[in-house]
Amino acid sequence: MLKTISGFDRIGEENAFAVLARASQLANEGMDIINLGIGQPDFSTPEHIVEAAIKALKDGHHGYTPANGTLECREAVARRTLTMTGAEVSPDNIMIMPGGKVTMFAAILMFGEPGAEILYPDPGFPIYRSMIEYTGATPIPVPILEENNFAFSAEETLSLINENTRLLIINSPANPCGGVTPKSEIDKLVKGLEKWPNVAIMSDEIYDVMTYDGETHQSLLAYPEIRDRLIILNGWSKTWAMTGWRMGWSIWPEPLYNNVRKLAVNAWSCVNAPSQMAGIAAIDGPQDDVDKMMQAFDNRRKLVVEKMNAIPNITCATPKGAFYAFPNISNTGWKAKDLASQLLEKTGVATIGGPDFGILGEGYIRLSYANSEENIERAIERIRAFLE
Ligand code: PLP
């Protein structure tokens, strides 16, 4: 029998992809499916970005680029970082990655090993825990609670750090709960981290433009005192509706940069040149489409909250960021995953059960409001009718 290393027994998955596959199967069988499961904007990539990629292909950009990305693309990311966060970052610290996910893969691989502890948000993006377990490190969940507006608590996070902690993963605005952690809390976290100079921090800021109701995103780049141990995960997928392009970037402190560059040389060589040119167009071009998308998300967010709260036994907190709502279904009598599965099988509405994002997700389901207002209304009406 073939024997692979034990890490592969521990590696997990993202159930959103399994739900997507099942939803497509049911749709092929003729069922009318409304997908509130998958976390990707339902908008097309803006036209000028697509045109930039087509032009790059026509102009003959068909070969390898440097493993860390073209200088032009890294310079574009540096410009965008300066405008968004006020932080000056050298293109020499920026890596162009094949998607946002690959940065967490690389960072966790760099710090995870048996005996090491890695802190990650629960509920949180499922790949954090999956990759931590793959490396043999111990995953330490940081609770993300509704009573704390789904923000992380600096005090609680700091209380979980010890001499074995190698990496702290934070995410704001957050998937799956839609929480935005306020600046005051991040100030406290950074202050407390002074005591733990050997702990690296990976801040997943992929939803950085996606905040509502006047909330603002606080980048960890604003704190020079932790820059020498800070990894920033970001990318094009969500902001410019480019999930399928596989375009991400990360910012690394100097001592780690060569590791990730070598990982690229060993694994993916580089991101394809036309996508990098499209990435530059996304950053430097007009942002009207982003603004329009955010306005649509905001309207849908209000609709989801209003309609979900009108269902007996369900309460839905108003999300402040990203494009997810995380309604509390604990008073319906359903286990979250059973409810999500039955909603799909019986009503054609795809959602994700909270436990797919961590143990503290029990009692919740995640609704992605990356769908039209009409479909959101139809979906929530089906959920209401099913629960009655
Ligand atoms: N980080 C978070 C919090 C996400 O929700 C996602 C995607 O859903 C990613 C990272 C990965 O993004 P990408 O599709 O660019 O790999």
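For clarity, every value in this text was computed on a predicted model and none was experimentally measured. In listed order, ligands and their atoms are each counted from 1.
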Checking R10 side chain against E133 main chain: does a donor-acceptor pair fall under 3.5 Å?
yes

What does the 4.0 Å heavy-atom contact list look like for ligand 1?
G99, G100, K101, M104, F125, Y128, N171, N175, D204, I206, Y207, S237, K238, R246

Could you list the donor-acceptor pairs under 3.5 angstrom formed between side-chain atoms of residues 52-60 and any protein atom two or more places apart in sequence or on another chain?
from: K55; atom 1: NZ; to: D59; atom 2: OD2; distance (Å): 2.6

Between W334 and F386, does the ring-ring contact (aromatic ring centres under 6.0 Å, His included) criterion hold? Intermediate values first, please.
CA-CA 12 Å; W334 281 88; F386 177 78; 5.5 Å; yes

Sequence neighbours excluded, the answer for salt bridge (charged side-chain N to carboxylate O under 4.0 Å, His left out) partners of R74 is none

What's in the same ILVMFWY side-chain cluster as L360, cut-off under 4.5 Å, chained through other members?
L145, I359

Y369 and F297 aromatic ring geometry - parallel, tilted or perpendicular at 30°/60° bounds:
perpendicular

